[in-house]
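What follows is one structure encoded as structure tokens, with my remarks underneath.
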Amino acid sequence: MSGPATAIVEAERLSKWYGHVLGVSDVSWTLPGGVIGLLGPNGAGKSTLMKLMTGLLRPSRGAIRVLGGDPFADAGVRRRIGYSPEHEHTYDELTARELVTVLAHLAGVPRAEAPRAAVAALEAMGMTEAMDRRVRGFSKGMRQRTKLAATLAHDPELLVLDEPLTGVDPVARIDIIERIKKLAAERGKTVIVSSHVLYEIEALTEDIVVIYRGQVLAEGNIYEIRRLIDRHPHRIRVECDRPREVAAAVAGAEHVARLVMERRALVIETRDPDRCYDDLAAAIVERGVELRAMTSPDNNLGAVFEYLTGGREGGEA
Amino acid sequence: MTARGLSGGQATLAIARLAIVRAVRGKALWIAAATAVLPLIVVGVQASLGHTAETMWQTAFMLTLLTLPIVPSILIGPSLSDELEDKTSAYLWSRALPRWTIIAGKLAGLAPVAAAIAMVSLGVAWLVMGGPGKVPVDTAVRGLAGVAAPALVASALVAALATLVPRHAVAVSVVYLLFVDKVVGELPIKLRYVSIAFGGRSVAGFDDLAAAPGALSLLVVGSVAVAIAITRIGRME
């Protein structure tokens, strides 16, 4: 992934630490356009890197340039960026339409044009029916779609999406992935997406940057890293109203290595996550199970990264 | 549709509107408004017991001043500290806005609401006790100014405290305004001029105090508080 002449993001010996805690360490790299996945376990430095890209944080050392400017100091650069933070907090008292409208206006869309821009963005995210409901009552999937609409309502060139699929149910996950891909393909946006789940990133793009312990561990095509990760069992945690029924439905599948029941949740260890996600989606939909969250604990990914670094900090893959 | 960027004034107005809508749809505004009923109840009881107009006016003013630690604290405190604690500030900071507009917008939207609650509380109490027939209009106007100005300054102080201690903004603000500020305002030394309650009493003309020094001290305290809040939010990450 060597950078072309018009790099979207350029980091040069970039470091950020919080007191004694290192967020990003001596990162130098260039990101071209397209859809790029930032992959790494929780605490690896993905969110810190994204906050540096979007001007929320100032580098402790080194420099970062986004779209040719300094995102912390230059408001003109931030106007060209759309950022969706990792957390799900929003202004819950507002309806989705009001929320996206006010955030579009604050991003620089004239007040008279902001409502139209908000509706278009919400429609693009499949929120037409729910846009006049208050965000407080939204599921995680609806919140993520609303956040994504707020990210693109001011028509930015660069979308920075921090864990946009966290906690989203399988059906919504597929839908959101397709919409993000469409944004890049049809509107020519550059999209940077972070996740600690390889299979989410894989569904979005082949171009990945692997972050671990604040450093860029590897970058390039996804298949090699996938091969390494597939050697390790992948854990999926399903929170729903009838976890035993879901467990019974998938228990016989050959890809399931282990099932652990928790209170109102089920944890599955699998060696074939793709098939496992498919089987889970089918079991949940067929039985009408109420799904609250489906997450992938990243211990397995951390183990792979430890393997990649050979137990050293910041080794090259 | 073109994103052109907002001026500081436009951004301040947009954030002010957002703050008001959130306050109206949340609980804080209604809790704040409920505290404004306290002076009315006490004055109503005093009127039924035949207290003098002077006593009732003094009671109404002091009780309204007493609600000041509560009203700005629960209106402005959470509005800022929730933004910082819940990280919704990321939505604002990642946009092309000068950071000072966040403080300016919150204060422009909510400080007048805090002042209006105090003024309505005292104004209605004045009418309940007999209006111009009992307390002259000029005295009532000074009294209204004497609760409105401290409400605005207390709002600025709460904003500063919310940027200093976001996690405990409401508690620290209430404790400071209710105990420290009140006690300092009663001291027989010049230090009392840093007290918001003392400034309010001066503006209202209680205790034979001149209005100008009190108003000036309120202006200085408010300006320092706003400066602290803006400096802090500009450095936050």
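First the proteins, then the strands, lettered A, B, ... as listed; each starts at 1. This structure is a prediction, so every number in the text was calculated from the model and none was measured.
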Point to revise | A/Arg78 (side chain) donor-acceptor with B/Arg95 (main chain) under 3.5 angstrom | key: yes
Exercise for review: Identify the heavy atoms of A/Leu106 and B/Leu6 that sit nearest to each other, and give their distance.
Suggested key: CA-CD1, 3.8 Å
Exercise for review: Using a cut-off of under 4.5 Å on heavy-atom pairs, state which of A/Leu56, A/Val77, A/Thr54, A/Val102 scores highest against chain B.
Suggested key: A/Leu56
**Study point:** Segment of A/Arg134 engaging chain B (4.5 angstrom heavy-atom cut-off)
**Key:** side chain
Practice item. Enter the distance from B/Leu18:CG to A/Tyr91:OH here, rounded to the nearest 0.5 Å. Key: 5.5 Å
Review point. Would you call the rings of A/His87 and B/Tyr91 parallel, tilted or perpendicular, where under 30° means parallel and over 60° means perpendicular?
Key: perpendicular
Exercise for review: Heavy-atom distances under 4.5 Å only: say whether A/Arg80 touches chain B with side chain, backbone, both or neither.
Suggested key: neither
Check your understanding: Does a salt bridge link A/Glu98 with B/Arg22, judged by any charged N lying under 4.0 Å from a carboxylate O?
Key -> no
Point to revise | Under 4.5 Å from a heavy atom of chain A, the part of B/Leu97 involved | key: both
Practice item. Taking all heavy atoms of B/Ala96 and all of A/Ala75, pick out the closest pair and write down the distance. Key: CB-O, 3.2 Å
Check your understanding: Is the number of heavy atoms from other residues, nucleotides or ligands within 6.0 Å of CD (A/Glu12) greater than 12?
Key -> no
Check your understanding: Can you tell which of B/Gln10, B/Glu83, B/Met236 has the highest number of heavy-atom pairs within less than 4.5 Å of chain A?
Key -> B/Glu83
Study note, to complete from the structure: When every non-hydrogen atom of B/Ala14 is compared with those of A/His105, the smallest separation belongs to CB-CD2, 3.6 Å
Check your understanding: Could you walk me through whether B/Lys87 and A/His89 pass the side-chain contact (heavy atoms from CB on, under 4.5 Å) check?
Key -> CA-CA 7 Å; B/Lys87 315 263 186 226; A/His89 297 288; 5.6 Å; no
Study note, to complete from the structure: CZ (A/Phe72) and CH2 (B/Trp93) are apart, to the nearest 0.5 Å, by 8.5 Å
Review point. Pick from A/Arg111, A/Glu86, A/Lys51: which one has the most heavy-atom pairs with chain B under 4.5 Å?
Key: A/Arg111
Check your understanding: B/Arg25 side chain to A/Glu93 main-chain N or O, any donor-acceptor pair under 3.5 Å?
Key -> yes
